[in-house]
2 protein chains.
Amino acid sequence: MKTTKDFDVRQFLPYLLNQAAEASSLEFQKVYKDKYGMLRNEWRVLFHLGIYGRMTASDIGARAQMHKTKISRAVQRLAERRYLTRTRADTDRRVEYLTLTSAGQQVYRDLKGIAQDYDAALTDGISAEEAKMLRGLLLRLAQRD
Amino acid sequence: MKTTKDFDVRQFLPYLLNQAAEASSLEFQKVYKDKYGMLRNEWRVLFHLGIYGRMTASDIGARAQMHKTKISRAVQRLAERRYLTRTRADTDRRVEYLTLTSAGQQVYRDLKGIAQDYDAALTDGISAEEAKMLRGLLLRLAQRD
DNA sequence: ATGTAATAGTTGTTTTTGTAACTAACAAGC
DNA sequence: GCTTGTTAGTTACAAAAACAACTATTACAT
């Protein structure tokens, strides 16, 4: 399957994706880190709960493609900060329902707003069609495994 | 600047980029890790030297946007494996020129070939125009900071 | 020439992640 | 009911990354 035409590794998609992801995450990362002392995984768990409401750790893992240990630790820290509460399910006492507290919801709304502005800034020089196509392609790449 | 229209955080560019980057890196990561016992930073240093030939750690840092400690440690491990050699510059005895050994070049060529195939697989269901646009946009996002 | 700042790169320490092993609860077959 | 397997989530230990402090060398201003 190896083609003969030469290949520029600088154009290698995983590399470009990583570079773009790192560069574009930096500024926003500073926000949830400095303003709320949160890690990336915590922000991810938080916003999933913000979007979907009450859900279990496994649900989040399936949605966000995060490993359960990441979620476990993120949940622990979010619970310490009182951004969420955990309640055991009576039907199955292994599972734990996670819900944002009102403090957690406030943080979510704040960060979501900042994310929106930041996203707008990122897509500033890009046409709406391009941006839409970009998101679509990224979603496809993220889901293929 | 906050718009009123609601915003879906799942479409947040840094999030999509990270998801796509992680998913698309996994398979290739396995190659340089399992086949050559290399870390991502080592693969990055290696391919920069493969592309540009002799260069200093700072040069690599500027090109790859990598912090100098990452490079220092990557270079150390690559030198241990005899994939590169380090030579002090006479003109400025702080700087060190890094060059791939022939073993290093072989590894580079091998990984580059695999990367090429993998890239082709990733862009399989995507038109050439879309792929080109995607790379262009990623490059822009990577460079804006 | 000499003190101050800047640059190249390294090392040490602390956080964070990754991996695997673990506990607890449930499910299903016999 | 009791063994076997599966699922939810946690914990322990090892690997890696982040961050800050460090050495050595050069540059620059007075």
Side-chain angles (χ1 to χ4, degrees), chain A residues 18-19 21-23 25-27 29-30 32-34 36-45 48-49 54-81 84-99 145, chain B residues 18-19 21-23 25-27 29-30 32-34 36-45 48-49 54-81 84-99 145:
Chain A
N18 266 300
Q19 296 277 76
E22 274 173 36
S25 295
L26 264 183
E27 216 172 309
Q29 187 169 25
K30 262 186 67 67
Y32 57 67
K33 197 176 174 190
D34 294 353
Y36 295 110
M38 281 169 53
L39 262 28
R40 192 177 58 175
N41 290 332
E42 293 163 39
W43 151 242
R44 283 190 181 175
V45 166
H48 275 83
L49 290 172
R54 187 184 79 164
M55 63 199 301
T56 70
S58 302
D59 294 341
I60 298 174
R63 289 267 184 202
Q65 311 217 151
M66 280 170 74
H67 194 264
K68 55 186 183 175
T69 60
K70 285 186 181 175
I71 297 169
S72 177
R73 293 198 255 245
V75 166
Q76 231 176 320
R77 297 192 47 172
L78 290 171
E80 281 165 17
R81 277 158 219 261
L84 60 78
T85 56
R86 340 164 72 149
T87 52
R88 285 265 164 227
D90 326 322
T91 52
D92 183 342
R93 293 168 37 64
R94 287 170 303 181
V95 320
E96 217 174 37
Y97 290 117
L98 307 170
T99 323
D145 37 276
Chain B
N18 266 299
Q19 296 276 74
E22 275 173 36
S25 294
L26 264 182
E27 217 173 309
Q29 186 169 24
K30 261 185 69 65
Y32 57 67
K33 197 176 172 191
D34 294 354
Y36 295 110
M38 281 169 52
L39 262 29
R40 193 179 56 176
N41 290 333
E42 293 162 38
W43 151 241
R44 283 191 181 174
V45 166
H48 275 83
L49 289 173
R54 188 184 80 164
M55 63 198 303
T56 71
S58 302
D59 294 340
I60 298 174
R63 290 267 184 200
Q65 311 217 150
M66 280 170 75
H67 193 266
K68 55 186 183 174
T69 60
K70 286 184 182 176
I71 297 168
S72 176
R73 287 179 162 126
V75 166
Q76 232 175 320
R77 296 193 46 171
L78 290 171
E80 281 165 17
R81 277 159 219 259
L84 61 77
T85 56
R86 340 163 71 149
T87 52
R88 285 264 164 230
D90 326 322
T91 52
D92 183 342
R93 294 169 34 67
R94 288 170 302 181
V95 321
E96 214 173 40
Y97 290 118
L98 307 170
T99 324
D145 36 279

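Numbered from 1 within each chain, the chains take letters A, B, ... in sequence-line order.
The distance from atom CG of A:Leu26 to atom C1' of D:dA18 is 12 Å, rounded to the nearest whole Å. In this structure, NZ of A:Lys30 is placed 15 Å from P of D:dA18, rounded to the nearest angstrom. To the nearest angstrom, C1' of D:dA17 lies 13 Å from CD of B:Glu42. Rounded to whole angstrom, the span from the CZ atom of B:Arg40 across to the C1' atom of D:dA15 amounts to 15 Å. In this entry the distance linking CE of A:Met55 with C1' of D:dG9 reads 15 Å, nearest Å. Across the protein-nucleic acid pair, A:His67 atom NE2 and D:dT10 atom C1' stand 12 Å apart, rounded to whole Å.
Under the side chain to side chain donor-acceptor pair (under 3.5 Å) criterion, B:Arg86 pairs with B:Glu96, sequence neighbours left out. Remark: B:Thr69 pairs with B:His67 by the side chain to side chain donor-acceptor pair (under 3.5 Å) rule, at least two apart or across chains. In terms of the side chain to side chain contact (heavy atoms under 4.5 Å, CB included) criterion, A:Ala62 has no residue partners (sequence neighbours excluded). Evaluation of the side chain to side chain contact (heavy atoms under 4.5 Å, CB included) rule for A:Ser58 yields A:Thr56 as partners, not counting sequence neighbours. With sequence neighbours left out, the side chain to side chain contact (heavy atoms under 4.5 Å, CB included) criterion links B:Thr87 to B:Tyr97. Partners of A:Arg94 by side chain to side chain donor-acceptor pair (under 3.5 Å), not counting sequence neighbours, listed by chain and number: A:Asp92. B:Asp90 meets the side chain to side chain donor-acceptor pair (under 3.5 Å) test with no other residue; sequence neighbours excluded. Applying the side chain to side chain contact (heavy atoms under 4.5 Å, CB included) test to A:Ser25 and every residue at least two apart in sequence or in another chain returns B:Pro14, B:Asn18.
Counting non-hydrogen atoms under 4.0 angstrom, B:Arg86 reaches the backbone sugars and phosphates but no base.
Pairs passing the salt bridge (charged side-chain N to carboxylate O under 4.0 Å, His left out) check and including a residue from residues 55-81 of chain A, sequence neighbours excluded, read A:Glu42-A:Arg77.
In this structure, A:Ala57 and A:Lys33 both approach DNA chain D, and ranking their closest nucleotides by distance from the 5' end singles out A:Ala57.
A heavy-atom distance below 4.0 Å to DNA chain D is reached by these residues of residues 87-96 of chain B, ordered by number: B:Asp92, B:Arg93, B:Arg94. Near DNA chain D, meaning a heavy atom under 4.0 Å away, the residues from residues 68-77 of chain A are A:Lys68, A:Thr69, A:Ser72, A:Arg73, A:Gln76.
Interface limits on DNA chain C: the 5'-most and 3'-most nucleotides within less than 4.0 Å of chain A heavy atoms are C:dT16 to C:dC26.
For B:Met66 against B:Ile71, the heavy-atom pair with the smallest separation is O-CD1, 3.7 Å.
Within the 4.5 Å cutoff, side-chain heavy atoms of A:Leu26 are placed close to those of A:Gln29.
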